[in-house]
Amino acid sequence: MKFKYIIILFILTSCIGGNTQTNKSLSYVPYSSKGFAMLYDDNDYKKKIISKRLDPETKQVAHNIMKGKSLVQITNPVNKKSIIIEVSKRAQYPTFYTILLTKKIFDDLEIDEEYPFVEIEQKVKNRSFVAKKAETFSEEKNVSDKAPISEIKIDNISKDKDVHKQIKKKKFNIIIGEFYSKDSALSLKSILEKDYVKNDTLSVKKLNDNKYQLISGPHKSINTLKKAYFKLNKYGFDNLDIEKK
C-alpha cells in the first residue's frame with residue numbers, strides 16, 4: 001500500500017486546488033456537486049450499506065456531508081425539473097453516489113433509475129425564506145457554471161425525444177485530477193497504469209495551456225463506471241467527479 005501515499009503526495013504537490021481559499025476570501029461557500037443519486041432501499045440499510053434509515057413512502061434526502069435541516073436543491077439536468085427540500089439526516093453510503101433519495105423524489109423529478117444523474121446545490125436559509133416553500137419545483141433553463149474540476153456538460157434533450165434512449169447513449173468519464181502541466185498528468189497516469197488500474201483507459205485532456213485533466217474513460221455503462229470509481233477510491237482517490245460526454 002506504499003504507492004497509495006506516494007500518489008496522494010504526488011497529487012498534493014502537482015494538482016490544481018479547486019477549493020483553495022485565501023485570507024481575503026474566507027466567506028462560506030455552499031456545497032455543490034454533480035453525480036449519481038442513490039435510490040433508497042430498506043435492504044441496503046439492513047445490510048449496512050447505508051448508515052441511516054429513511055421513510056420510503058415520503059420525500060426524504062440524506063447526505064454524507066450536509067447536516068440535517070440543510071436546504072438543498074436537487075435538479076434532474078435532463079428535464080430541468082428540480083426540488084428544494086431539507087436534508088432529513090446525515091448518512092453514510094457508497095462514495096460513488098453524491099446523494100441518497102427516496103423513490104418519491106425519483107418519481108417527482110423523473111430521474112432515470114439506470115442512469116440517475118443529478119445536480120445538487122446547498123441553499124442558505126435567510127429571513128426571506130418561507131417555510132411553506134421549503135419544497136418547490138421549477139424548470140430551470142440555465143445551469144450555473146461550476147469550478148473546472150466539477151464541470152459537467154449536459155446536452156439539451158428536447159421533450160419530444162425518447163429521453164431514456166438518449167441517456168443510454170451517453171458515456172462517462174471519471175475526472176481523477178487537474179494539473180498545471182501535461183508532464184505531471186502523464187506521470188500520474190504512468191504510475192496508475194503500472195500499479196493500479198492496468199485494465200482501465202486513462203488519458204490526459206488539455207483544457208488550456210496551463211490546465212490538464214487526467215481522466216478514466218469513457219465508460220459506456222454505469223456498471224463499468226462504478227467498477228473504475230471504486231477501484232480508484234480504494235487507492236486513496238476520494239470525491240472523484242464524473243463527467244458526462
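These numbers come from the heavy atoms of this one structure, side chains and all, not from hydrogens, waters or symmetry mates.
The side-chain hydrogen bond (donor to acceptor under 3.5 Å, both in side chains) check on Asp44 picks up nothing, with sequence neighbours excluded. Take Tyr93 and apply the ring pair (Phe, Tyr, Trp, His ring centres under 6.0 Å) test, not counting sequence neighbours, and it matches no residue. Under the rule for a side-chain hydrogen bond (donor to acceptor under 3.5 Å, both in side chains), the partners of Asp209 that lie at least two apart in sequence or sit in another chain are Lys206. Lys189 pairs by the salt bridge (Lys or Arg N to Asp or Glu O under 4.0 Å) definition with Glu193, not counting sequence neighbours. Scanning for side-chain hydrogen bond (donor to acceptor under 3.5 Å, both in side chains) contacts around Thr58 gives an empty result, with sequence neighbours left out. Residues forming a side chain to side chain contact (heavy atoms under 4.5 Å, CB included) with Asp107 (at least two apart in sequence, or on another chain): Lys103. Every residue meeting the side chain to side chain contact (heavy atoms under 4.5 Å, CB included) condition with Ser51, not counting sequence neighbours, appears here in chain and number order: Ala91, Gln92. In terms of the salt bridge (Lys or Arg N to Asp or Glu O under 4.0 Å) criterion, Lys104 has no residue partners (sequence neighbours excluded). Taking the side-chain hydrogen bond (donor to acceptor under 3.5 Å, both in side chains) definition, one finds that Ser203 meets it with nothing, sequence neighbours left out.
Proximity of a side-chain donor or acceptor of Thr102 to a complementary backbone N or O of Gln60 within less than 3.5 Å is detected. In this structure, the side chain of Asn208 engages the main chain of Asn210 through a donor-acceptor pair within 3.5 Å. Without hydrogens or angle criteria, Ser187 side chain to Asp183 main chain gives a donor-acceptor distance under 3.5 Å. Side-chain N or O atoms of Ser82 include none that pairs as donor or acceptor with a backbone N or O of Ile74 at under 3.5 Å. One N or O on the side chain of Asn76 and one on the backbone of Glu110 form a donor-acceptor pair closer than 3.5 Å.
Between Pro218 and Phe172 the shortest side-chain heavy-atom distance does not fall below 4.5 Å. For the pair Leu39 and Leu101, the minimum side-chain heavy-atom distance is 4.5 Å or more. At a threshold of 4.5 Å between non-hydrogen side-chain atoms, the residues Val124 and Leu71 do not count as touching. Leu225 places a side-chain heavy atom less than 4.5 Å from the side chain of Ile174. Using a 4.5 Å heavy-atom threshold, the side chains of Asn43 and Ile49 count as separate. Proximity of Ile215 to Leu202: side-chain heavy atoms (C-beta onward) are nowhere separated by under 4.5 Å. Under the 4.5 Å side-chain criterion, counting only non-hydrogen atoms from C-beta, Val61 is in contact with Ile105. By the 4.5 Å heavy-atom criterion applied to side chains, Thr75 and Ile120 are not counted as neighbours.
Ion pairing between Asp108 and Lys81 fails under the 4.0 Å rule for side-chain N and carboxylate O.
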Could you give me the CA-CA distance, side-chain angles and deciding distance for Ile176 and Asp241, then say whether side chain to side chain contact (heavy atoms under 4.5 Å, CB included) is met?
CA-CA 7 Å; Ile176 299 173; Asp241 287 295; over 6 Å; no
Show your working on side chain to side chain donor-acceptor pair (under 3.5 Å) between Gln213 and Glu178 and close with a plain yes or no.
CA-CA 4 Å; Gln213 278 185 344; Glu178 289 190 349; 3.0 Å; yes
If you apply the rule side chain to side chain donor-acceptor pair (under 3.5 Å), what do you find for Ser181 with Ser184, and how did you get there?
CA-CA 6 Å; Ser181 72; Ser184 296; 2.9 Å; yes
I would like to know whether Tyr212 and Phe179 meet ring pair (Phe, Tyr, Trp, His ring centres under 6.0 Å); could you show each step before the answer?
CA-CA 5 Å; Tyr212 297 84; Phe179 303 81; 9.0 Å; no
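The heavy-atom pair separating Thr98 from Ser33 by the smallest distance is OG1-OG, 3.2 Å. Across all non-hydrogen atoms, the minimal contact from Ser88 to Leu54 is CB-CD2, 4.4 Å. Heavy-atom minimum distance, Phe106 versus Ala37: CZ-O, 3.8 Å. Residue Ser216 comes nearest to Leu232 through the heavy atom pair CB-CD1, 4.3 Å, listed as atom of the first residue, atom of the second, then distance.
Aromatic pair Phe117/Phe36: ring centres closer than 6.0 Å.
To the nearest 0.5 Å, atom NZ of residue Lys67 and atom CZ of residue Arg90 are 6.0 Å apart. The distance from the NZ atom of Lys34 to the CD atom of Glu119 is 5.0 Å, given to the nearest 0.5 Å. Rounding to the nearest 0.5 Å gives a distance of 9.0 Å between NE2 of His219 and CD1 of Ile242. How far OG1 of Thr95 is from CE of Met38: 11.0 Å, rounded to the nearest 0.5 Å. Considering NZ of Lys89 and NZ of Lys69, their distance stands at 10.5 Å, rounded to 0.5 Å. Between atom CD of residue Glu86 and atom OG of residue Ser70 there is a gap of 8.5 Å, rounded to the nearest 0.5 Å.
Within the structure, ring-ring contact (aromatic ring centres under 6.0 Å, His included) pairs that include any residue of residues 39-92 comprise Tyr31-His63 (at least two apart or interchain). Judged as a salt bridge (charged side-chain N to carboxylate O under 4.0 Å, His left out), the pairs with a partner in residues 46-58 (not counting sequence neighbours) are, in order, Asp42-Arg53.
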